[in-house]
There are 2 protein chains.
Amino acid sequence: MDLQADDFYSALSHPMRLRALLLLKQEGELCVCELTHALALAQPVISRHLGQLKEAGLLLSRRQGLWVYYRVSDSLPEWVTQVIQTTIAGVSTTSPYQDDRQALHAMLDRPNQTCC
Amino acid sequence: MDLQADDFYSALSHPMRLRALLLLKQEGELCVCELTHALALAQPVISRHLGQLKEAGLLLSRRQGLWVYYRVSDSLPEWVTQVIQTTIAGVSTTSPYQDDRQALHAMLDRPNQTCC
DNA sequence: AATATATATTCTAAAAACTATATATATAGA
DNA sequence: TCTATATATATAGTTTTTAGAATATATATT
């Protein structure tokens with residue numbers, strides 16, 4: 001929407017919010033429990049930071065049954081999308097971002113309507 | 001150099017540091033008094049934030065006489081440079097970034113070896 | 001050496017961000 | 001309705017960040 005540059009940058013000022021955003025941009029929709037697993041952090045911490053990213057307008061969410069899926073908004077300003085993509089291109093193969101994806105993929109029983 | 005993504009983003013988490021970085025990238029070298037004028041903030045505040053940006057590795061500085069000139073480092077990771085340029089392309093004509101440049105250009109007696 | 005100017009730093013208090021824990025809400029299933 | 005699970009929120013305490021004022025440092029000039 002009318003996402004301001006300073007809101008964008010302060011939304012990403014916490015390492016975990018940056019990790020979550022990059023992971024979501026690369027993986028598409030993820031539920032809270034997947035993020036909790038991938039980032040290895042407590043659920044309330046994850047939920048609160050996701051809430052901040054959503055509040056900033058960077059994320060959208062939808063509930064499906066017990067699970068809430070978050071994804072990167074598809075109506076971001078073009079420059080924001082480019083900045084995110086450029087950041088991914090620059091750092092996605094480094095720690096901790098690469099590890100986050102590996103942890104996600106190593107997760108068993110990812111909720112495909114199944115469980116968490 | 002080994003500027004980490006989370007250090008980059010937290011360095012820019014303060015609105016004034018973002019304004020200073022974008023202004024410096026667009027204008028080249030600026031001394032503290034020019035930034036103080038353009039951003040309309042107290043000198044110690046400016047100096048402290050510039051110190052943080054320098055500490056993070058985003059800025060370099062050199063002293064010339066009484067003045068200290070800051071500039072964006074020329075040895076940043078490529079993705080960082082791109083992110084900064086993309087941000088400028090996206091927001092430089094909006095407030096407050098446009099106003100900062102105007103205030104700078106409206107400044108009289110800018111130090112061309114002169115004064116401040 | 002004394003003075004003036006530009007910049008940096010220190011100190012203190014206030015504000016903001018963050019974590020952990022506990023609790024609340026929403027949904028599904030028995 | 002009762003129970004279980006996933007997620008969200010509230011509360012309290014701690015840490016971090018920030019601004020403002022005062023002071024220190026560096027340099028140039030006289």
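Below, chain A is the first sequence line, B the second, and so on; all start at residue 1.
- Checked against ring-ring contact (aromatic ring centres under 6.0 Å, His included), B:Tyr70 has no partners two or more places apart in sequence or in another chain.
- Nucleotide C:dA6 holds its C1' atom 11 Å from the OH atom of B:Tyr69, rounded to whole Å.
- Judged purely by atom type and a 3.5 angstrom limit, A:His105 uses its side chain to pair as donor or acceptor with the backbone of A:Arg101.
- One atom, CH2 of A:Trp67, and another, C1' of D:dT7, lie 12 Å apart when rounded to the nearest Å.
- Contact check of residues 41-49 of chain B against DNA chain D (heavy atom, cut-off under 4.0 Å) returns B:Pro44, B:Val45, B:Arg48, B:His49.
- Each salt bridge (Lys or Arg N to Asp or Glu O under 4.0 Å) pair with one or both residues in residues 5-25 of chain A, not counting sequence neighbours, appears once here: A:Arg19-A:Asp100.
- A search for side-chain hydrogen bond (donor to acceptor under 3.5 Å, both in side chains) contacts involving B:Tyr97 returns nothing, not counting sequence neighbours.
- At D:dA8, one or more side-chain N or O atoms of A:Tyr70 fall inside 4.0 Å of OP1 or OP2 (strictly under the cut-off).
- A straight line from CG of A:Leu30 to C1' of D:dT7 spans 15 Å, rounded to a whole angstrom.
- Residue pairs meeting the salt bridge (Lys or Arg N to Asp or Glu O under 4.0 Å) criterion with at least one partner in residues 49-70 of chain B, sequence neighbours excluded, are B:Glu29-B:Arg62.
- Remark: B:Gln4 engages no residue in a side-chain hydrogen bond (donor to acceptor under 3.5 Å, both in side chains) (not counting sequence neighbours).
- The side-chain hydrogen bond (donor to acceptor under 3.5 Å, both in side chains) test applied to A:Thr81 returns no partner, not counting sequence neighbours.
- Mapped onto DNA chain C by nearest heavy atom, A:Gln52 and B:Arg63 fall at different nucleotides, with B:Arg63 at the one closer to the 5' end.
- With sequence neighbours excluded, no residue forms a side-chain hydrogen bond (donor to acceptor under 3.5 Å, both in side chains) with B:Thr86.
- Protein atom CG of B:Leu50 is 11 Å distant from nucleotide atom C1' of C:dA8, rounded to whole Å.
- Contacts between residues 4-22 of chain A and DNA chain C, defined by a heavy-atom separation below 4.0 Å, involve A:His14, A:Arg17, listed by number.
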